[in-house]
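We number each residue from 1, following the sequence as shown. In what follows, every heavy atom counts, from backbone to side chain, and hydrogens, waters and symmetry copies are set aside. Nothing here was measured: the structure is a model prediction, and the numbers come from that model.
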Amino acid sequence: MIKILLEITASAVLSKVWTIALAILFFGVIIIIHEFGHFICAKLFDVKVNEFSIGMGPAIFKKQKGETQYSLRALPIGGYVSMEGEDEESEDERAFNKKKVWQRIIIVVAGATMNLILGLVIMAITLSASTDLIGTNTIKEFYPTAVSNQQGGLKEGDKFLKIDGHAVWSERDLSFLMSRSDNGVFNFTVERDGEKVELNNVAFKTEDVEYNGKTVTMITYDFVIVGEKPTFKNVFVNSFTQSASIVRTVWLSLFDVVTGRYGMSELAGPVGTVDIIADVAQSAAEEHNFEQLLFIMALITINIGVANLLPLPALDGGRLMFLIIEGIRRKPVNRKYEGYIHAAGLALLLLLMVFVTYNDIVRIIHTH
């Protein structure tokens, strides 16, 4: 009996270990792709790169090749490409600060762009490999208990164009935009028989449920959307539209956090992200269905790409903001003051990382 229990425990531990290892590996791939974007564009514009690092903290592996040191560091929570003249004045003709503004802008945004491209590619793979139909924005039919057709005026064949003023680009927008409602009442713009029709105050059935100690209003979706068999055309189109939907989801979610709709405790950091990937990977292995895992990976890499472009100090978006100001003023912001701002932003970012990591650990303990 003891032997059996030990074998079961060992099997459970190994099962969790490989999924966590997979999650860390994927997180590493996202970092590599991001930093490679900066690196390859720096090389394209002949900028001297002093170090290409994957991970943060103390180095566990270093190799000098040419002018660049390639490093693997202990903490898999980020990475960096250190360029000559990036954070300090340099008289080297190949320094970052010596390059034209438009070249520096391309180098700065290249990392996030690579993340977005990776998300787009994963989304295309997910859709093309799927055995399910690809969802559309068009209503196929209603459930027998539906109220949105009887009281709200929705009809079979209606194609959603807008929900509460937000354009509907893909079927993923339906669930996300409708989930933002507190009362299950929406203003729709639909296409019906080739014409735009405005439907205001369309109500759906709702139910209050307890989730993580809070009362959440759940909406009953009472219609079924039209599905299409995957083809080259709709896979290509949906790769872009669904990726664009994720980008907007990230922006609106951040807006909801800033405005207090969602609490800071609902943010996830690297630890929480790894745990989510590990759980989805384990579920995918058990069900022999890896589509959800691929989607989560696309969601995370696009999320990271968008977050890096936020106009905040210490992020790529913060550096981009200073470059845009320099382009408008025709002269750079004083490097000393820019350095102070980035340093303060980095300190705040590290505090936020500590906060979300603590929340991740607490959340994992309570849910496992």
So, are Glu67 and Lys43 salt-bridged, with charged N and O less than 4.0 Å apart?
yes

Mind checking whether Ser243 and Ile302 have side chains closer than 4.5 Å, heavy atoms only?
yes

Tell me, please, which residues at least two apart from Ile325 pass side-chain contact (heavy atoms from CB on, under 4.5 Å).
Met321, Arg329, Val333

Does Asp193 CG have over 12 foreign heavy atoms under 6.0 Å away?
no

Do the side chain of Asp222 and the main chain of Ser148 share a donor and acceptor less than 3.5 angstrom apart?
yes

A side-chain contact here means heavy atoms from C-beta on lying under 4.5 Å apart; do Ser170 and Phe176 qualify?
no

Return the minimal non-hydrogen interatomic distance between Tyr221 and Ser175, and the atom names on each side.
OH-O, 3.4 Å

Say whether, by atom type as modelled, one donor and one acceptor occur between the side chain of Gln150 and the main chain of Val147 under 3.5 angstrom.
no

Do any N or O atoms from the side chain of His34 and from the backbone of Asn115 form a donor-acceptor pair under 3.5 angstrom?
no

Going through the checks in order, is the side chain to side chain donor-acceptor pair (under 3.5 Å) test met by Thr189 and Glu198?
CA-CA 5 Å; Thr189 301; Glu198 302 289 339; 2.9 Å; yes

Using ring centroids (six-membered ring only for Trp), state whether Phe45 and Phe96 fall under 6.0 Å.
no

Is the backbone of Thr231 close enough, under 3.5 Å, to the side chain of Asn234 for a donor and an acceptor to pair up by distance?
yes

Side-chain contact test, heavy atoms from C-beta onward, threshold under 4.5 Å: evaluate it for Ile163 versus Leu174 and give yes or no.
yes

I'd like to check Phe204 versus Met178 (side-chain heavy atoms, cut-off strictly below 4.5 Å). Are they in contact?
yes

Taking C-beta and beyond as the side chain, do Asp316 and Val109 meet within less than 4.5 Å on heavy atoms?
no

Can you tell whether the side chains of Glu91 and Lys98 come within less than 4.0 Å, N to carboxylate O?
yes

Does a side chain donor of either Thr301 or Asn303 reach within less than 3.5 Å of an acceptor in the other side chain?
no

Salt bridge (Lys or Arg N to Asp or Glu O under 4.0 Å) between Lys99 and Glu86, intermediate numbers included:
CA-CA 10 Å; Lys99 299 302 177 180; Glu86 181 182 9; over 6 Å; no

Are Gln242 and Thr126 close enough that some pair of their side-chain heavy atoms sits under 4.5 Å apart?
no

Counting only heavy atoms not in Glu195, do more than 12 fall under 6.0 Å of its CD?
no

Given 3.5 Å as the limit, does a donor-acceptor pair link the side chain of Arg248 with the main chain of Ala167, or not?
yes

Please step through side chain to side chain contact (heavy atoms under 4.5 Å, CB included) for the pair Phe186 and Lys162, ending with a clear verdict.
CA-CA 10 Å; Phe186 305 91; Lys162 290 184 179 181; over 6 Å; no

Out of the candidates Asn137, Ile134, Thr136, only one should pair with Glu171 under the side chain to side chain contact (heavy atoms under 4.5 Å, CB included) rule; please name it.
Asn137

Check: Thr68 side chain, Val49 main-chain N or O, donor-acceptor pair, under 3.5 Å:
yes

Looking at Ile219 and Ser181, what are the two nearest heavy atoms and their distance?
CD1-CB, 4.1 Å

Do Ile139 and Val224 have side chains that get closer than 4.5 Å, going by heavy atoms?
no

How far apart are the C-alpha atoms of Ile246 and Met123, what are their side-chain angles, what is the distance that settles it, and do they pass the side chain to side chain contact (heavy atoms under 4.5 Å, CB included) test?
CA-CA 11 Å; Ile246 293 174; Met123 187 65 71; 3.4 Å; yes

Going by salt bridge (Lys or Arg N to Asp or Glu O under 4.0 Å), Asp158 matches just one of Lys196, Lys140, Arg192. Which one?
Arg192

Centroid-centroid under 6.0 Å between Phe160 and Phe188 rings
yes

Any chance you could measure Phe36, atom CZ, to Met114, atom CE, to the nearest 0.5 Å?
6.0 Å

I'd like to know if Glu51 pairs up with Arg73 as an ion pair, taking the criterion as any Lys NZ or Arg NE/NH1/NH2 lying under 4.0 Å from an Asp or Glu carboxylate oxygen.
yes

Side-chain touch Thr206/Met218, heavy atoms, less than 4.5 angstrom
no

Whether Glu141 side chain and Tyr143 backbone form a donor-acceptor pair below 3.5 Å
no

When the ring planes of Phe232 and Phe236 are compared, do they come out parallel, tilted or perpendicular, using 30° and 60° as the limits?
parallel

Derivation of the side chain to side chain contact (heavy atoms under 4.5 Å, CB included) call for Val306 and Leu116
CA-CA 8 Å; Val306 173; Leu116 296 176; 4.2 Å; yes

Please confirm whether the backbone N or O of Ile107 pairs with a side-chain atom of His38, one donor and one acceptor, at under 3.5 Å?
yes

